[in-house]
Amino acid sequence: MSGAARPIYFAALAIAIMAAACAPAAQPDPYAGRFLVKGGGAAFEITQPLTAAFTKVHPRVTWDFEDLGSRGGMAAVDNGEADLGTASIDLLPEYAGRVEQRSIGVSGTGIVVAAANPVTGLTRDQVRDIFSGVVTDWSAVGGTPGKIALVVRSPDTAIWTNFKAFFFDANTSLKPGATFAGDLTETVKAVKSLSVAIGVVTTNGTTRADASIRLLKIDGVGPSVDNLRSGAYGARRPLYLLFKSTGLKPTIRAFLDFVQSPEGQSIIAQYQ
């Protein structure tokens, strides 16, 4: 570097350093942190894209999800073990005044068989008779002869409560000997591994896209997003976000506001 150029270089360097020193410091995101979402897994299909969209605006916000069931989600929010909850049943009376719920749409309760099963649909009465043990062989409902195996969820889950409310009557009970699955993944695995099985699942993107199983039409109507939205498919249940009535963290309050925004409602509409 020539002697004449050296003063100009150092002057420019000094100006750059001063400009950097005077530039405003990056402001910390007031919503940054890790937040726990616990509850019924049926609502995760909508809740997860909502949280992902929120994180795009606030990249230092992260979310952890745990499927505890709807009742577990209510308890977790109430006792402070979760920042946000999800449920597919209405808020239980014991949490009134401490926990609130916000609707984010509906989910379907689907009847599923393995893809190899030739049955594509059943009537509401046939579903009742199969799960109560009146009908025990697939040949009675147009299928290949074989003993029907039942795969169901725990009696205290929202999906089983909804199933009973829609398909059973006051005098109907589940046939003894059914296999109980812990969650959606276990149910699907059990059904597709046994060609004579029939199960109860949440209708969502995962179960609709799985080519190894078939969601049955009920009385000629399938559990599509449009049929759930319109009510044409009757075995459905509400989806809620759960949160504390008081003392909300700023991030959770901001997220709930986002859910109500046009962008948040647009995301929900994609699944409804």
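Given the structure is predicted, the values throughout are model-derived calculations rather than measurements.
- The closest donor-acceptor contact from the side chain of Gln265 to the backbone of Ser261 lies at 3.5 Å or more, if one exists at all.
- For Arg102, the CZ atom counts as densely surrounded, since its 6.0 Å shell holds more than 12 non-hydrogen atoms of other residues, nucleotides or ligands.
- At least one donor-acceptor pair closer than 3.5 Å links the side chain of Thr203 to the backbone N or O of Gly108.
- Between the Asp83 side chain and the Leu36 main chain, a donor and an acceptor come within less than 3.5 Å of each other.
- Comment: Asp78 engages Arg98 in a salt bridge, judged by a side-chain N to carboxylate O separation of less than 4.0 angstrom.
- Residues Lys147 and Asp137 are not paired through a salt bridge, judged by the lack of any N-O separation under 4.0 Å between the basic side chain and the carboxylate.
- Atom NZ of Lys189 has 12 or fewer neighbouring heavy atoms from other residues, nucleotides or ligands inside a 6.0 Å radius.
- At least one donor-acceptor pair under 3.5 Å links the side chain of Ser193 to the backbone N or O of Ala190.
- Closest approach of Thr187 to Ala181, counting heavy atoms only: OG1-CB, 3.2 Å.
- Listed for the Thr86 side chain is a donor-acceptor partner under 3.5 Å among the backbone atoms of Gly40.
- What you find for Met74 and Asp90 is that their closest heavy atoms are CE-O, 3.4 Å.
- Of the possible polar contacts, one joining the Tyr233 side chain to the Thr109 backbone as a donor-acceptor pair under 3.5 Å is found.
- Side-chain atoms of Arg214 never come within 3.5 Å of backbone atoms of Gly121 as a donor-acceptor pair (strictly under, hydrogens ignored).
- The 12-atom threshold is exceeded at NZ of Lys175, counting heavy atoms of other residues, nucleotides or ligands nearer than 6.0 Å.
- Between the Arg124 side chain and the Phe166 main chain, a donor and an acceptor come within less than 3.5 Å of each other.
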Exercise for review: May I have the step-by-step check of ring-ring contact (aromatic ring centres under 6.0 Å, His included) for Phe131 and Phe168, ending in yes or no?
Suggested key: CA-CA 9 Å; Phe131 280 86; Phe168 283 5; 7.2 Å; no

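- A donor-acceptor pair is defined here as one N or O able to donate and one able to accept, closer than 3.5 Å; no such pair exists between the side chain of Asp64 and the backbone of Glu66.
- A heavy-atom distance below 4.5 Å is not found between the side chains of Ser103 and Leu239.
- Judged by distance alone, with hydrogens and angles left aside, the side-chain atoms of Asn227 form a donor-acceptor pair with the main-chain N or O of Gly222 at under 3.5 Å.
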**Study point:** side chain to side chain donor-acceptor pair (under 3.5 Å) between Asp156 and Ser154, worked out
**Key:** CA-CA 5 Å; Asp156 62 351; Ser154 170; 2.6 Å; yes

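- A distance of 4.5 Å separates OG1 of Thr161 from CZ of Arg71, quoted to the nearest 0.5 Å.
- Using modelled atom types and a 3.5 Å distance limit, the side chains of Arg237 and Thr202 yield a donor-acceptor pair.
- Under the 30°/60° scheme for interplanar angles, the aromatic rings of Phe54 and Tyr31 are found to be tilted.
- Between Leu242 and Leu84, every side-chain heavy-atom pair lies at or beyond the 4.5 Å cut-off.
- The side-chain hydrogen bond (donor to acceptor under 3.5 Å, both in side chains) check on Thr185 picks up nothing, with sequence neighbours excluded.
- A side-chain donor-acceptor contact under 3.5 Å links Ser212 and Asp210.
- Note on ring orientation: taking the six-membered ring where Trp is involved, the planes of Phe65 and Phe44 are perpendicular (angle over 60°, cut-offs 30° and 60°).
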